[in-house]
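Convention: sequence-line order gives letters A, B, ...; per-chain numbering from 1.
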Number of protein chains: 2
Amino acid sequence: MANRRASITDLAKTLGLSPSTISRALSDHDDVSEATKARVRQLAEELHYQPNQLAAALRRGRSNTLGVLVPHITGHFFPQVVHGIATEAAKLGFNVMICQSNEDSRQEQKNIDLLMNSQVEGILVSLANTTHSFGHFEAVRQQNIPLVFFDRVVEDFSGSNVSAVMIDDYQGAYQVVTHLIEQGCTRIAHFTGPLHLNIHKNRHQGYRDALQAHGLPIDDELIMFCEMSQKGGTAAMRQLLKLPQRPDAVFSSNDLAAIGAIQAVKSARLRVPKDIAVVGFSNEMFTMLTEPMLSSVDQRCEQMGKTAVQLLQKMLKSGPNRQGPPKPIVLKPKLLVRESSQKR
Amino acid sequence: MANRRASITDLAKTLGLSPSTISRALSDHDDVSEATKARVRQLAEELHYQPNQLAAALRRGRSNTLGVLVPHITGHFFPQVVHGIATEAAKLGFNVMICQSNEDSRQEQKNIDLLMNSQVEGILVSLANTTHSFGHFEAVRQQNIPLVFFDRVVEDFSGSNVSAVMIDDYQGAYQVVTHLIEQGCTRIAHFTGPLHLNIHKNRHQGYRDALQAHGLPIDDELIMFCEMSQKGGTAAMRQLLKLPQRPDAVFSSNDLAAIGAIQAVKSARLRVPKDIAVVGFSNEMFTMLTEPMLSSVDQRCEQMGKTAVQLLQKMLKSGPNRQGPPKPIVLKPKLLVRESSQKR
DNA sequence: CTACTAGCCGCAAACGAATCCGGGCCGCTG
DNA sequence: CAGCGGCCCGGATTCGTTTGCGGCTAGTAG
């Protein structure tokens, strides 16, 4: 009962060797003859020997573990990113330790400490939206633990072992609006959330710039600051429909509000996309399920996770002594044109 | 640069004490005077001392870490459960290490080994659907590491430190069908996936038993074995609509196929729920977004994760020597009646 | 026959913290 | 004054691995 698992010294004793030799044999070191290696390997097999990672990590100072800190593991985006992270990390031989900040800055801080105590080799973070000071990342930087921010990054926090990966929201929005213009739309409305959030700010800017670049006017009454929910979208759309000259397209800063807009359009006996084209942002799962199917912008969530891990790995391999911090990576979003915006 | 973090011996030296005393002081041991405790705590604060969890874990044989192994972190269900697990684990002071099996039995096995090498104190597993032999869990059982299966469990694998938590699919289905009957439906169709999967088997059985319990006949032509996707649902529904006597309700074993069914009904110029009521299963996020909103069964994903951790904790605390293995926990699902099945 | 090299292997010291087993020192009691 | 018992503390060991260094043996060259 309660069978303690075989340790390296157990192997040593039963084979009449020293622990060092066992260790070297198992790691295929040159200083051990093939004969003994074979014996060791066979016994290890028989006893189902598995090295104690804790001990190894302690000795080597490397734990083979990455820490991940996200606001939460719900919704669409974060699970996808985490999936990308976990997959890539597994491929590179890392374990993954996961924490949630619950959008709370203090929990974020605690979790950062926790991860550092666990001797993780690198940390991947997406900030809680209540985080405004970054003292807790100072310790990470000081100890030269590679740190990668993803999606929700802190802009003015750099260091030789700090980097970031995010998506080009501006570019995504620009593509959307350009696409709508190509479909013949000229009065394109925009739903946006509060502009102090990066994502909305950048998408909003992309919207404006795309309009200008194509010589279209920017009409402030077409820009709706609304709650980015289904209801919010419906309400905003209703308001737009009351305008003397109604819009012929809507670019919503997220998919949920876009769905709301579609429903409002439909219940006003108008057609999507014929009368009003609609495009969302994020490529949520349900965009494929609506009628019409919603055009959206894919955020490459999984790719983001994968890239973040690769970036971390690069820092890990090159060490902190390189020329300048690694450049942040900006992923190109991908416009997915579906029924809701295809006038043809 | 590369500031090694303060260790317990560093504290000892600068205070002129021994490491043992520091250790005891920090863990508030009786053998240390309040005065020294205060000094130690203060210095620890100043140096931002954080204990090295690896070392402590190695020494104590307890890592404060739980291992989680899921098929993948995508879709709706698993992220939710993982969220529940992570949240509850954090509350109980555990770290969480996450792996994905990618529905591959061999990876599952590798990851189980990995988790055990990482000296996790307990393991939470949802099986890969390709897993048919369970040898890799044998080692877990032998070492008396608490093991909790959730959702996808292995039925005939018990032990003093093995348990499971799952949802009562049968009960959920029974509730759905009863609800439909109460709405006045008498010809209730059923979409199901392959019956060798527990979830479908149990939901199917719930369907049959509910019908019988209310004195309704079971009509095999109303039971559709179809691909449980949107397309599959649409196709199945089309077929049903061709019947001489078409159904007046559909209970689909998942939400996606239910959505497909609704679309088929609508494009046949029939009304949901007036002509045909539809109920899905899983309470996916998009059930709130369809028109009409889809009735479904909530699987209590988060609760499942939470419960699983609590179960593990209980095993951990009581030790392996108790009377019999802990009883598996079966969660009650919750029927959510929305527009798609409310005839009133 | 000596010397040197290569091939294998063991010794011992780490890594950082927890703990068993004491050991001083002080004060109290008989 | 001897003895005893608390109170605080330190030394040494332990967890399981890794690793620098040195040692032993056999074989080969000089």
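Using a 4.5 Å heavy-atom threshold, the side chains of B:Asp151 and B:Met166 count as separate.
We find that CZ of B:Arg24 is positioned 11 Å from P of D:dG11, with the value rounded to whole Å. One can place CD of B:Gln119 at 12 Å from C1' of D:dT17, the figure rounded to the nearest angstrom. Distance, B:Ile22 CD1 to C:dG16 C1': 13 Å, rounded to whole Å.
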Under 3.5 Å donor-acceptor pairs involving side-chain atoms of residues 63-84 of chain B, not counting sequence neighbours:
| residue | atom | partner | partner atom | Å |
| --- | --- | --- | --- | --- |
| B:Ser63 | OG | B:Thr65 | N | 3.3 |
| B:Ser63 | OG | B:Gln119 | O | 2.5 |
| B:Thr65 | OG1 | B:Ser63 | O | 3.1 |
| B:His72 | ND1 | B:Thr74 | OG1 | 2.9 |
| B:His76 | NE2 | B:Asn283 | O | 3.4 |
| B:His83 | NE2 | A:Gln100 | OE1 | 3.3 |

Could you give the side-chain donor-acceptor pairs of residues 88-97 of chain B under 3.5 Å, partners two or more places apart or in another chain?
| residue | atom | partner | partner atom | Å |
| --- | --- | --- | --- | --- |
| B:Glu88 | OE2 | B:Gln310 | NE2 | 3.2 |
| B:Asn95 | ND2 | A:Ser118 | OG | 3.2 |

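For A:Thr9 and D:dG16, the shortest distance from a side-chain N or O to OP1 or OP2 is not below 4.0 Å. One finds a side-chain N or O of A:Ser18 lying less than 4.0 angstrom from the OP1 or OP2 phosphate oxygen of C:dG10.
Scored by the salt bridge (Lys or Arg N to Asp or Glu O under 4.0 Å) test, B:Glu34 finds B:Lys37, B:Arg41 as partners (sequence neighbours excluded).
At least one test fails for B:Arg141 against the ring of B:Phe134: distance under 6.0 Å to the centre or angle within 45° of the axis.
A heavy atom closer than 4.0 Å to some atom of DNA chain D occurs in no member of residues 109-118 of chain B. Only A:Asp31, A:Val32, A:Ser33, A:Thr36, listed by number, bring a heavy atom of residues 25-57 of chain A to less than 4.0 angstrom from any atom of DNA chain C.
Taking five base pairs at each end of the helix from C:dC1-D:dG30 to C:dG30-D:dC1, the local helix axes there meet at an angle of 70°, rounded to 10°.
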